[in-house]
*Asks:* 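Following this message is one structure expressed as structure tokens.
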Amino acid sequence: MTAIPVEASASQAQALAAIRRADDGLRDRFADRLAVNHDLDRSLVSFQANKAEQRHRWCKYKEGFSAELVRYVLKKTGLASSPILDPFAGSGTALFTAREAGLDAVGIELLDSSAEIIEVRNAVAGADQRQLAGALAAFRDRRSWCQAGKQLPFPHLRITAGAFPKETEQRLGRYLWETGRVEDPVLSRVLRFAALCVLEPISYTRKDGQYLRWDQRSGRGLGKKAFDKGRIETFDEAIAAKLSEIASDLDEKQRGCLRRLRDQPERAGRIELLRGSCLEILPTLPANHFSGLITSPPYCNRYDYTRTYALELAMLGVGEEAIRKLRQTMLSCTVENREKQGLDQHFDRRRYAAATRAVESQGVLSLILKYLDGCRRDKTINHAGIPRMVRNYFAEMALVIFESARALKPGAPLVMVNDNVRYQGAHVPVDLILSDFAEQAGFEVEAIWVLPRGKGNSSQQMGLHGREEIRKCVYVWRKANVR
Ligand SMILES: C[S@@+](CC[C@H](N)C(=O)[O-])C[C@H]1O[C@@H](n2cnc3c(N)ncnc32)[C@H](O)[C@@H]1O
């Protein structure tokens with residue numbers, strides 16, 4: 001790794017100035033639609049606001065947006081007919097909020113731990129809620145896992161070994177063994193899911209951006225500074241609290257708007273999850289079919305879901321080789337992602353060519369890529385994989401956008417949450433570049449809602465460029481009516 005120079009060289013400064021001018025030009029083009037939206041705030045556009053939402057709160061999925069945001073989007077875009085699509089479904093916030101509004105929804109998700117959340121919530125929705133709540137509470141109260149008996153060994157990956165205090169891992173193993181003995185498949189799966197939801201608080205780890213951060217008590221001397229995550233919950237207290245939370249959300253007396261759905265079951269929408277990569281699945285979906293799309297793709301920010309969710313993936317039995325494959329199949333957003341081989345074979349030739357043209361003709365993007373390639377050659381880049389990641393991120397997102405345009409009905413909205421990023425001092429206006437692709441794919445860019453307060457630079461970039469704010473936005477595009 002090479003340190004970033006405090007001063008950019010003269011040619012780098014020139015390249016940065018050219019990028020800034022082109023960025024300004026693109027911003028001028030969208031100026032009448034790019035505006036701060038004071039209805040929104042960071043908590044609404046992140047998982048934060050889900051903490052008080054029954055069911056959405058079960059699994060702390062930090063990369064998610066909130067159910068409240070989805071309700072706002074449905075209202076603002078007038079999206080009131082089925083089906084809706086989320087090609088990066090995550091924990092399923094868009095799907096389940098649409099369902100609560102009586103809409104059918106289709107989600108695509110690649111990561112096993114995210115797909116598990118959706119599948120479990122879907123299975124729960126189809127079960128007898130009161131009975132399930134009672135069975136969960138009874139299992140909790142029996143505490144069978146506290147008695148001596150067999151354990152299911154936790155199937156650790158190399159990067160998860162030693163993640164739990166010894167006694168915690170034994171209790172977890174006992175619990176998993178006991179859940180395997182439960183005959184009712186839905187109950188058994190929900191019990192196992194409850195354990196999945198508490199892996200972080202009972203471990204020495206914390207999900208922290210690109211990697212799992214390890215508490216010093218683990219004995220894994222990772223990181224330069226010793227990290228102390230504070231009190232680590234025991235397995236017994238964590239699992240009891242989680243089972244209580246799920247049971248209470250299922251209990252009809254407390255179900256609020258979900259109770260209304262139970263009273264009128266014909267009003268609740270259906271959810272279908274397609275497991276796999278949206279780069280392969282989107283081209284197989286019917287054309288002009290979906291009434292709307294609400295999504296949040298991975299950001300172009302080096303965030304590695306397969307490392308952050310390593311504990312959950314391990315528990316689900318995803319092995320080392322499968323993890324490597326998963327990392328490579330995900331939308332390119334880490335410096336390790338290589339070019340995806342044979343991607344074109346999934347797409348209609350003309351659409352693939354059109355998406356590629358949109359990428360290659362994007363002026364700001366070309367300048368940014370040229371600059372980053374130069375930084376890599378000069379060895380002044382923070383990581384040599386950054387230019388490839390940025391290049392592939394936009395190439396893959398262009399394909400997603402072109403395929404989404406095909407799959408949506410004319411007049412249907414597409415709403416996307418995403419962050420801009422900065423590399424080597426170059427601001428990457430993800431919002432404007434993707435909106436440019438969207439126009440070429442047949443969308444009208446209705447609005448780019450900017451969140452009231454952007455985030456500052458990462459500390460690595462501060463020395464070079466001061467604290468300029470980077471936009472976090474919600475894009476609202478609409479498929480043109482006549483194509
Ligand atoms: C920002 S999260 C979505 C969060 C979601 N909006 C929610 O509220 O839970 C992005 C998701 O995209 C998934 N993903 C990444 N690459 C993918 C791909 N090629 N196909 C499908 N899903 C992918 C990740 O696993 C992650 O769950």
Side-chain angles (χ1 to χ4, degrees), residues 43-51 53 55-73 84-99 105-121 197 207 209 271 273-285 293-310 312-313 316 318 323 325-334 336-337 340 343 346-347 389 392-393 395-401 403-404 414-419 430 472 474-475:
S43 127
L44 206 64
V45 178
S46 73
F47 175 80
Q48 287 279 336
N50 273 351
K51 286 186 182 155
E53 295 262 1
R55 297 176 191 231
H56 293 291
R57 63 183 176 171
W58 293 347
C59 220
K60 186 170 138 209
Y61 192 72
K62 281 200 207 149
E63 302 73 22
F65 45 48
S66 71
E68 188 58 33
L69 177 74
V70 178
R71 287 193 283 270
Y72 176 82
V73 163
I84 75 139
L85 176 65
D86 184 349
F88 299 100
S91 62
T93 315
L95 312 181
F96 289 98
T97 312
R99 176 184 184 277
V106 176
I108 307 175
E109 178 53 54
L110 178 65
L111 198 69
D112 303 67
S113 47
S114 306
E116 181 70 8
I117 304 173
I118 297 174
E119 287 184 351
V120 167
R121 285 194 60 183
C197 296
K207 299 187 194 315
I271 289 177
L273 175 68
L274 306 172
R275 291 185 68 155
S277 170
C278 64
L279 289 164
E280 295 172 17
I281 295 175
L282 274 172
T284 68
L285 299 180
L293 189 156
I294 303 174
T295 198
S296 174
Y299 303 160
C300 187
N301 63 0
R302 303 183 58 175
Y303 188 101
D304 186 345
Y305 287 83
T306 60
R307 285 201 168 84
T308 308
Y309 285 94
E312 291 76 9
L313 292 169
L316 292 170
V318 183
I323 293 254
K325 192 161 169 239
L326 200 53
R327 190 173 297 141
Q328 176 55 23
T329 311
M330 294 193 76
L331 190 86
S332 290
C333 62
T334 78
E336 287 165 347
N337 281 108
K340 291 183 174 51
L343 196 54
H346 301 290
F347 295 86
M389 173 190 71
N392 289 336
Y393 182 83
E396 293 167 23
M397 281 303 292
L399 291 167
V400 169
I401 291 168
E403 279 304 328
S404 300
L414 184 158
V415 177
M416 182 185 292
V417 176
N418 207 330
D419 269 11
V430 178
K472 181 176 185 76
V474 181
Y475 328 144

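For ligands, and for the atoms within them, numbers begin at 1 and follow the listed sequence. Small disclaimer: the values here were computed from a predicted structure and weren't measured. Values reported hereafter were calculated over all heavy atoms of this structure, with side chains retained and with hydrogens, waters and symmetry mates removed.
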*Asks:* Can you pull out the closest protein heavy atom to atom 23 (C) of ligand 1? Residue, atom name and distance to 0.1 Å, please.
*Replies:* F88 CD2, 3.5 Å
*Asks:* Within 45° of the ring axis of F47 and under 6.0 Å from its six-membered ring centre, is that where the NZ or CZ of K60 lies?
*Replies:* no
*Asks:* For ligand 1, which atoms sit closer than 4.0 Å to a heavy atom of T329?
*Replies:* 19 (N)
*Asks:* For atom 22 (N) of ligand 1, grab the closest protein heavy atom and report residue, atom and distance to one decimal in Å.
*Replies:* L110 N, 3.6 Å
*Asks:* Just by modelled atom types, is the S332 backbone N or O under 3.5 Å from a matching donor or acceptor in the E396 side chain?
*Replies:* yes
*Asks:* Hey, does the Lys NZ or Arg CZ of R55 hover above the aromatic six-ring of F96, less than 6.0 Å from the centre and inside 45° of the axis?
*Replies:* no
*Asks:* Measure the shortest side-chain to side-chain distance between F88 and V400 over non-hydrogen atoms and say whether it is less than 4.5 angstrom.
*Replies:* yes
*Asks:* Identify, for atom 5 (C) of ligand 1, the protein heavy atom at the shortest distance, and state residue, atom and that distance.
*Replies:* A89 O, 3.6 Å
*Asks:* Relative to atom 26 (C) of ligand 1, which among F47, Y61, F65 owns the nearest non-hydrogen atom?
*Replies:* Y61
*Asks:* Could you list which atoms of ligand 1 come closer than 4.0 Å to a heavy atom of G64?
*Replies:* 4 (C), 7 (C), 8 (O), 9 (O)
*Asks:* So if I count the atoms of ligand 1 from 1 in the order they appear, which ones are less than 4.0 Å from some heavy atom of P297?
*Replies:* 1 (C)
*Asks:* To which protein heavy atom is atom 20 (N) of ligand 1 closest, and what is the distance rounded to 0.1 Å?
*Replies:* C278 N, 2.8 Å
*Asks:* Any donor-acceptor pair under 3.5 Å linking the side chain of K340 with the backbone of M330?
*Replies:* yes
*Asks:* Should you measure from each heavy atom of T93, which atoms of ligand 1 turn up under 4.0 Å away?
*Replies:* 7 (C), 8 (O), 9 (O)
*Asks:* Should C333 be listed as contacting ligand 1, given a heavy-atom distance under 4.0 Å as the test?
*Replies:* no
*Asks:* Among all protein heavy atoms, pick out the one at the shortest distance from atom 16 (N) of ligand 1; state its residue, atom name and that distance to 0.1 Å.
*Replies:* L331 N, 3.1 Å
*Asks:* In a check of salt bridge (Lys or Arg N to Asp or Glu O under 4.0 Å) between R275 and each of E280, E119, E109, which one passes?
*Replies:* E119
*Asks:* Just need the protein heavy atom nearest to atom 19 (N) of ligand 1, so name the residue and atom and give the distance.
*Replies:* S277 OG, 3.0 Å
*Asks:* How far is atom 10 (C) of ligand 1 from its nearest protein heavy atom, and which residue and atom is that?
*Replies:* S296 O, 3.4 Å
*Asks:* Distance under 4.0 Å to a non-hydrogen atom of G276: what atoms of ligand 1 satisfy this?
*Replies:* 20 (N), 21 (C)
*Asks:* Identify, for atom 2 (S) of ligand 1, the protein heavy atom at the shortest distance, and state residue, atom and that distance.
*Replies:* Y305 OH, 3.4 Å
*Asks:* Quick check: does any side chain N or O of S46 sit under 3.5 Å from a backbone N or O of S43, one acting as donor and the other as acceptor?
*Replies:* yes
*Asks:* Hey, is ligand 1 close enough to E109 that some N/O pair sits below 3.5 Å?
*Replies:* yes
*Asks:* Checking the side chain of N418 only, and the main-chain atoms of Y299 only, is there a donor and an acceptor separated by less than 3.5 Å?
*Replies:* no
*Asks:* Look at the side chain of D86 and the backbone N and O of G92, then say whether any donor-acceptor pair between them is shorter than 3.5 Å.
*Replies:* no
*Asks:* Are E403 and H346 close enough that some pair of their side-chain heavy atoms sits under 4.5 Å apart?
*Replies:* no
*Asks:* Below 4.0 angstrom from a heavy atom of M330, which ligand 1 atoms are there? Numbered from 1 as shown, please.
*Replies:* 14 (N), 15 (C), 16 (N), 24 (C), 25 (O)
*Asks:* Kindly check if the number of other-residue, nucleotide or ligand heavy atoms within 6.0 Å of NZ (K62) is above 12?
*Replies:* yes
*Asks:* Within the 4.0 Å heavy-atom shell around S114, which atoms of ligand 1 are there?
*Replies:* 27 (O)
*Asks:* Under a 4.0 angstrom heavy-atom cut-off, which atoms of ligand 1 come close to P87?
*Replies:* 21 (C), 22 (N)
*Asks:* Could you tell me whether the side chain of L282 reaches within less than 4.5 Å of the side chain of L399, counting heavy atoms only?
*Replies:* no
